[in-house]
Amino acid sequence: MTMDKINLFIENLNKHFPQRFSSKTALLATISLVILYRQTIGKLIHPPHQLRHIPHVNYLKFFIMSMVQKKPVGVISKALTMPLLDTSAMYLKPERLGWTVHVATPEAAKQFFLKTDIYAKANAFTTQKDTLFYKFIGQKNILFEHDKNEWKKHRKLINPAFHKSKPVKLFSVLGHKVFKVVDDSNGKPVDVTSLMGRYTLDVIGQAGFGFDFDAIIHKDSDWATVYNNIFDAVLDPVFFFLPFLDSRFRWLLRDRQKRYELVDTFHGMLTGVIEKKRRILQEKYNKKMQDNNGASHDDEDDGEKDLLTLMLESEFSEGGSILTTEEVKNNLTVFFLAGHDTTANALSFAIHALARHPDIQQKAREEAIQVLGDDPHDVLPTYEDIRQFDYINQVIKETMRFHGPVTTGMPRQTTEDTNLVGVHLPKGTPIVVDIYDLHHNPHVWDDPETYDPSRFAPSGEADQKTSAAGGRDGGAMAWSPFFNGQRMCIGMQFSLEEQRVMLSSLLRKYEWRLPEDSIHKNEAVTNNVGVLTAKNLDIIFKRRY
Ligand code: HEM
């Protein structure tokens, strides 16, 4: 506000309230208003001074497009953020922690991924202790842990479990339940977002801790309903962005209170399973030690054991309890949050892309048939089978470039003043890698809005970009749907194998297309908060045998 405007404002005040206010009072009132504006709305819509050298999105346009019009991520990106990347490797956008740096080039992403001491996980969620999110996930777990030594403890125990886990048989067996649902549709549209969500929920229940949610066939099964009610409430954007509603106003919100009770029910079930498994494994371990000094091994294939069993066995071989039951429970909950919806949407987007590109669908089908055979009955793809896929892997990778389910990951905060590819960032700056923009940045990818799996063919665009000879610095980071570096997704192989099994099985058994009136006909219509999702993605399947 300029001095002229302030003077004019004071004159007007004097005209309207000549006896009540002196000029001095009016001036004080005005200054107070300016300060109030700066502290509230101004703070909200303008980035802080120390970050103003970084281009930023227009707050009001962003607010209207994302919150009022609920435009898909891709539309917001094209309109507001891509233009900023013409001149910069990063930009500012408002997030839960306030104005946040969004990194969108491989060079800058590389620094972010590798310098974890400088770009450290923010202590963002665990400070709001009374939120549903916090209650569900708990403080001590591998995903949210910001203390490096604590995180290492979790990762050390969980890493070997994911390394051994290869439940390809389980993926296939549950895939046959998906076939049943598709067959029962008799050519009517099937909501694949829902179906893939139920598939990956059953997978993570069984592969995580040997629990059957029975969600594929019975979408309203008791435990699927409990879980889905919690999941929807935990990620509800209103409570996500306004966490004080949970902590201060829950007493007014009966439905919210019920969701808190459901979390107790779910946690009770998980704790019961963990304690029972610990007991059984302890007895087995003791017996083994007694029988033959631990020389025997059990007959069960490690790859098909659930993650909980593998984690607890690891503890025994390390000589005792490493994580408390509470910590193990928190990590199992994280596997749900991080592994269920993400893989479900990766699969749904692949099915959508193949429906929009019948030629690519056919080429992928030919590979599935070549590896799995074309006999007119269902088969169970094996680990050896899925290792042979080449084109199907390209489809999966391109889908995850085009529609990576995780669009930014969790926020980090700089732990010291630093310089990121020539841009000064003061200590405490909130920062994320914007995976969506990195994957759609025309300065990184050729014609990024074209869906083309052959980018990932040997010596294709992706290989060239990452090659030591011609590639740019950080080229390997250009494709980062699972992030990179130390805190890269621990479930990446698990998810890729799950996707290979499901896609190849579907390709071998069905041809599919979008209904004529599909809202997703020209492009997938997605949300703009949380895991990237295309709601109500109906697909019409036709059996091949
Ligand atoms: C398409 C599927 C998936 C995608 C796109 C994905 C993506 C990611 C990303 C981007 C991160 C890094 C988050 C951050 O640090 O900000 C991450 C971390 C993680 N993911 Fe995944 N994920 C997927 C599947 C899975 C699955 C299936 C599981 C487990 C069953 C899983 C478990 C985890 C865990 C535990 C972490 C934390 C790792 C750590 O901080 O050490 N994810 N994931």
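Any value given below was found using the heavy atoms of this structure, including those in side chains, with hydrogens, waters and symmetry copies removed. Atoms within each ligand, like the ligands themselves, are counted from 1 in listed order.
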What protein heavy atom lies closest to [atom]? Include the residue and the distance to one decimal.
{"atom": "atom 22 (N) of ligand 1", "value": "Cys489 SG, 3.1 Å"}
{"atom": "atom 37 (C) of ligand 1", "value": "Leu143 CD1, 3.5 Å"}
{"atom": "atom 2 (C) of ligand 1", "value": "Ser495 OG, 3.3 Å"}
{"atom": "atom 27 (C) of ligand 1", "value": "Gly339 CA, 3.4 Å"}
{"atom": "atom 34 (C) of ligand 1", "value": "Ile490 CG2, 3.8 Å"}
{"atom": "atom 38 (C) of ligand 1", "value": "Arg155 NH1, 3.5 Å"}
{"atom": "atom 5 (C) of ligand 1", "value": "Pro481 O, 3.6 Å"}
{"atom": "atom 40 (O) of ligand 1", "value": "Arg487 NE, 3.1 Å"}

Polar side chain donor-acceptor pair, [X] to [Y], under 3.5 angstrom:
{"X": "Gln499", "Y": "Ser495", "answer": "yes"}
{"X": "Thr333", "Y": "Asn330", "answer": "no"}
{"X": "Asn228", "Y": "Thr225", "answer": "no"}
{"X": "Gln394", "Y": "Asp390", "answer": "yes"}

Check your understanding: Phe336 pairs by ring pair (Phe, Tyr, Trp, His ring centres under 6.0 Å) with which of Phe231, Phe136, Phe266?
Key ->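 Per the ring pair (Phe, Tyr, Trp, His ring centres under 6.0 Å) rule, the option paired with Phe336 is Phe266, out of Phe231, Phe136, Phe266.
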
**Study point:** Non-hydrogen atom of Gly404 closer than 4.0 Å to ligand 1
**Key:**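 Flag not set, Gly404 not near ligand 1.
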
Check your understanding: Judged by non-hydrogen atoms, does Met400 sit under 4.0 Å from ligand 1?
Key ->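 Yes.
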
By number and element, which atoms of ligand 1 are closer than 4.0 Å to a non-hydrogen atom of [X]?
{"X": "Ile142", "answer": "35 (C), 39 (C), 40 (O), 41 (O)"}
{"X": "Trp151", "answer": "39 (C), 40 (O), 41 (O)"}
{"X": "Val406", "answer": "5 (C), 7 (C), 10 (C)"}
{"X": "Thr342", "answer": "1 (C), 2 (C), 3 (C), 4 (C), 23 (C), 24 (C)"}
{"X": "Gly409", "answer": "16 (O)"}
{"X": "Ala338", "answer": "20 (N), 22 (N), 23 (C), 24 (C), 25 (C), 31 (C), 32 (C), 33 (C), 42 (N)"}

In terms of relative ring orientation, are [X] and [Y] parallel, tilted or perpendicular, with 30° and 60° separating the classes?
{"X": "Phe456", "Y": "Trp479", "result": "perpendicular"}
{"X": "Tyr91", "Y": "His102", "result": "parallel"}
{"X": "Phe213", "Y": "Phe211", "result": "perpendicular"}
{"X": "His440", "Y": "Tyr436", "result": "parallel"}

Exercise for review: Could you pull out, from Phe336, Phe494, Phe162, the option with a heavy atom nearest to atom 29 (C) of ligand 1?
Suggested key: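 Looking at heavy atoms only, the winner is Phe162.
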
Point to revise | Of the listed options Phe144, Phe483, Phe482, closest to atom 6 (C) of ligand 1 (non-hydrogen atoms) | key: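 The residue whose heavy atom sits nearest atom 6 (C) of ligand 1 is Phe482.
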
Review point. Considering only heavy atoms, does Arg412 approach ligand 1 within less than 4.0 Å through its side chain, its backbone, both, or neither?
Key: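 The part of Arg412 near ligand 1 is the side chain, not the backbone.
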
Exercise for review: Answer with side chain, backbone, both or neither: which part of Ile204 has a heavy atom less than 4.0 angstrom from an atom of ligand 1?
Suggested key: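 The answer is the side chain.
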
Check your understanding: Does the side-chain hydrogen bond (donor to acceptor under 3.5 Å, both in side chains) test come out yes or no for Tyr391 and Ser454, once each step is laid out?
Key -> CA-CA 8 Å; Tyr391 191 65; Ser454 71; over 6 Å; no

Review point. So, Phe349 versus Phe402, ring centres under 6.0 angstrom or not?
Key: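 No, the ring of Phe349 stays outside the 6.0 Å limit from the ring of Phe402, centre to centre.
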
**Study point:** Test log, rule ring pair (Phe, Tyr, Trp, His ring centres under 6.0 Å), inputs Phe133 and Phe144
**Key:** CA-CA 11 Å; Phe133 195 95; Phe144 289 87; 5.5 Å; yes

Check your understanding: Do you know which two heavy atoms are closest between Glu107 and Asp473, and how far apart they sit?
Key ->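 In terms of heavy atoms, the two residues are closest at CG-O, 3.3 Å.
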
Point to revise | Lys121-ligand 1 polar pair, N/O distance under 3.5 Å | key: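 Lys121 vs ligand 1: N/O contact under 3.5 Å present.
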
